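Working notes, structure below.
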Protein chains: 4
Amino acid sequence: MPKDTFYNLPEEKRQTIYEAALDEFSIHPFKQASINRVVEAAGIAKGSFYQYFQDKKDLYKFLVEEIFQKKIAYLTPEMQNPFNMDCFSLIRELFRSGVRFAKDNPKLAKIAQHLMSNSEKDTYLEIMEEKKGEGIQIYKMILEKGMEKGDVRGDINLDIAAFFLFQLSNSLSDGFMDMFHQGDEAQLMERVEDMIEILKYGISNNRLESENE
Amino acid sequence: MPKDTFYNLPEEKRQTIYEAALDEFSIHPFKQASINRVVEAAGIAKGSFYQYFQDKKDLYKFLVEEIFQKKIAYLTPEMQNPFNMDCFSLIRELFRSGVRFAKDNPKLAKIAQHLMSNSEKDTYLEIMEEKKGEGIQIYKMILEKGMEKGDVRGDINLDIAAFFLFQLSNSLSDGFMDMFHQGDEAQLMERVEDMIEILKYGISNNRLESENE
Amino acid sequence: MPKDTFYNLPEEKRQTIYEAALDEFSIHPFKQASINRVVEAAGIAKGSFYQYFQDKKDLYKFLVEEIFQKKIAYLTPEMQNPFNMDCFSLIRELFRSGVRFAKDNPKLAKIAQHLMSNSEKDTYLEIMEEKKGEGIQIYKMILEKGMEKGDVRGDINLDIAAFFLFQLSNSLSDGFMDMFHQGDEAQLMERVEDMIEILKYGISNNRLESENE
Amino acid sequence: MPKDTFYNLPEEKRQTIYEAALDEFSIHPFKQASINRVVEAAGIAKGSFYQYFQDKKDLYKFLVEEIFQKKIAYLTPEMQNPFNMDCFSLIRELFRSGVRFAKDNPKLAKIAQHLMSNSEKDTYLEIMEEKKGEGIQIYKMILEKGMEKGDVRGDINLDIAAFFLFQLSNSLSDGFMDMFHQGDEAQLMERVEDMIEILKYGISNNRLESENE
DNA sequence: GATGAATGAGTGTTCATTCAT
DNA sequence: TATGAATGAACACTCATTCAT
């Protein structure tokens, strides 16, 4: 929701501001991010900033919107009709696109992480009220479809499973990349496979029927 | 590491300060937590605070130490010798104790969550240097033992599985409780069972051997 | 090194701030000087100060720089080529310019004195690193030249003599002026002559050769 | 002027406090010296301090008094009747005793220096009001006597010469020792001789009569 | 539309001193 | 006599935002 003035800016200047903001908000969570530093890094006047954006939160919303837009762009074409896909393929693709996004846009990914980290819960709620239902609900829907199709076991707790998936997908950007060879996309994708594998079949060595009581 | 003066305080006053601190640090991550607000809430002079604690970080460390102490108290007695236990029972107990802790000490649990949220990574590192090895490593060890005993499949990626467990256990306190009927311990424990179930056997409806390529 | 914002200020306001700073730092050595008092005396907001200067040290450096600039302006034209001059004439001119500077800029002179007082040694070093070699070394060079030319006795300890001169020149501004009729420049200059006289011929009534053992 | 309670203290405790105070005040000038640090270093209660001393200034006065007492103890016996001595011998002895004092009591010497540095002028005046006339006046008297006896030239400005001597003697402790091989007393004493030499005969290579106009 | 000076409340921290016990 | 908890003003510095030009 930047003001028109921002969009009327010459492309180059707009970009400069955008990147200064990216730098600041990817390093600091919302409250600690400093508009002072942003305007200094961007080389614009303090007053100018407030002509482009309502306030600090307005800038933040703008960045978050960018995250959403860009993240969607990383979805593969076949995901346009997600429910034609096999459930696990869909999850795999979501995870893979998440990894690719984080790899190509590490700063945006950091911002996303701060936002999700619920140290920012109040900021999050204020900003996300219009985006309600995002997040866990999507995974629940996917799993429900999978269950209907018979891909997913009928006896699991869907909420828990969706919670599972949500937690994992949120962790993909930062901790995951830090930990698992962040430079090499091929390796990261193998780790995604490992994840899916565990998700599908669990980690127990025993079959379900012989163990389940 | 509060100063002696803090421990010499009359129980009641110490408690007041402790709770003011709890309130502040459970709502705000370290950097945003305000000593000003703490002293105002506690009804003490600014100078007094600094007679009890070295500085802001000192207070924080104290709270974190409380978390560790209390969390340990929630471990069941049979977990004193953890490696005599079945791997999944151990994980189950860790999760259950985590839930019980979070239910009884929701503010401490929030603080723990902030600390783990890696928006606070630098604060975390500074404070945790002496507690190295905590975290993911523990889960990896558990899984390794489980693999040796034959409880855990030999073909999974241990790092990923440990990462899995770590993410889940961190999520137990806050999101988990918000989502799953936080008032009712029995229900929460059932959700833990659901989690373990999924963790063990996965969510796929198909057996491993027929699916694996 | 004030920021541009300081130099962009209307002359009058800049002057007000400058004088408030002068007052504060001429009365108190660096560590004890209070930015709070400066801004109050200058009638500006605390935040404004930090828009003009990086920090307290930045203001201090600015004042010190003023001292250097102004002090140079008090050197007489013939001192542009100092080593064409007779050694004692040079010293005399240095002392005289020091006195004139202190008379016209008593507050700057006080600041200079604090800076030299080596109660401030650490502050001094931090600020003066770029101005290395100032101070005693200059006097040593002057004396060396004088010795080469035969104006200065060959048997004196140059380091001690330079130390002598340095101490005296530092003392010119404050103690000296307090003591010797500070209002009357002519009288002060006579005292400088007295000083040079003693410096040249000593205070003993006896000749060197009959006394020296 | 410490209170009786201080003198009633067991020797050892009194000494501990004295040394803690020495450490603090030799490092920091009066205003920056911290009673907090002193009591902590001395291991006594905050309240106790104020039972031994009126306030911070009282402690300071005590230390300054120590300086005077100790400095007198460094005067050689023949200086008990100073005016029987040759004027230059007297000055030499004063300087030598100053150097010995600074070498044996470096912390007291530092305190003296802070006190003299006239960054502390207000503190100085408050504390020294009862000691008026110390300092320069002594040197003036010595020089007057020397002039009467014919040791000192009759045509010099006594005030300036006394000022000279005063500046030099104040510089002996710190700058002097830093600069001139502070460890080796013999060397330091040679430097004192160099000083006296210059003081007596000046640094000019020419005789007085041929140069004087 | 662009500017950047102005603001005052906020931050964590230190201080000398008092006083009830 | 010894204690040490209590205090509140002071410190340097940062902040998001406003507004006259």
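Every heavy atom of this structure was used, including side-chain atoms; hydrogens, water molecules and symmetry mates were not. Convention: sequence-line order gives letters A, B, ...; per-chain numbering from 1. Remember, predicted model here, so these are calculated numbers, not experimental data.
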### Query
Base, sugar-phosphate, or nothing for A/Lys56, non-hydrogen atoms under 4.0 angstrom?
sugar-phosphate

### Query
Counting any heavy atom closer than 4.0 Å, what does A/Asp55 reach on the DNA or RNA strands: base, sugar-phosphate only, or nothing?
sugar-phosphate

### Query
Reckon D/Ser48 touches a base, only the sugar-phosphate, or nothing at all at heavy-atom distances under 4.0 Å?
base

### Query
For F/dT14, does OP1 or OP2 lie under 4.0 Å from any side-chain N or O of C/Tyr50?
no

### Qualifying residue, where the test is side-chain contact (heavy atoms from CB on, under 4.5 Å) with A/Ile17 and the options are A/Leu59, A/Val39, A/Ile44
A/Ile44

### Query
So what does A/Leu9 touch, heavy atoms closer than 4.0 Å: a base, only the sugar-phosphate, or nothing?
sugar-phosphate

### Task
With DNA chain E as reference, determine whether A/Gln51 or D/Lys57 sits nearer its 5' end, using the nearest nucleotide of each.
A/Gln51

### Summary
Stems for DNA chain F (at least 3 consecutive Watson-Crick or G-U pairs, under 3.5 Å) come to E:2-21 with F:2-21

### Task
Name every residue in residues 16-44 of chain C that has at least one heavy atom under 4.0 Å from any atom of DNA chain F, in order of residue number, or write none if there are no such residues.
C/Ala33, C/Ser34, C/Ile35, C/Asn36, C/Arg37

### Message
At 4.0 Å (heavy atoms only), tell me whether A/Asn8 reaches a base, stays on the sugar-phosphate, or touches nothing.
### Response
nothing

#### Entry: Nearest to side-chain heavy atoms of D/Lys46, which nucleotide of F/dA9, F/dT1, E/dA16
E/dA16

### Task
May I ask you to evaluate whether A/Tyr52 reaches the phosphate of E/dA2, defined as a side-chain N or O under 4.0 Å from OP1 or OP2?
yes

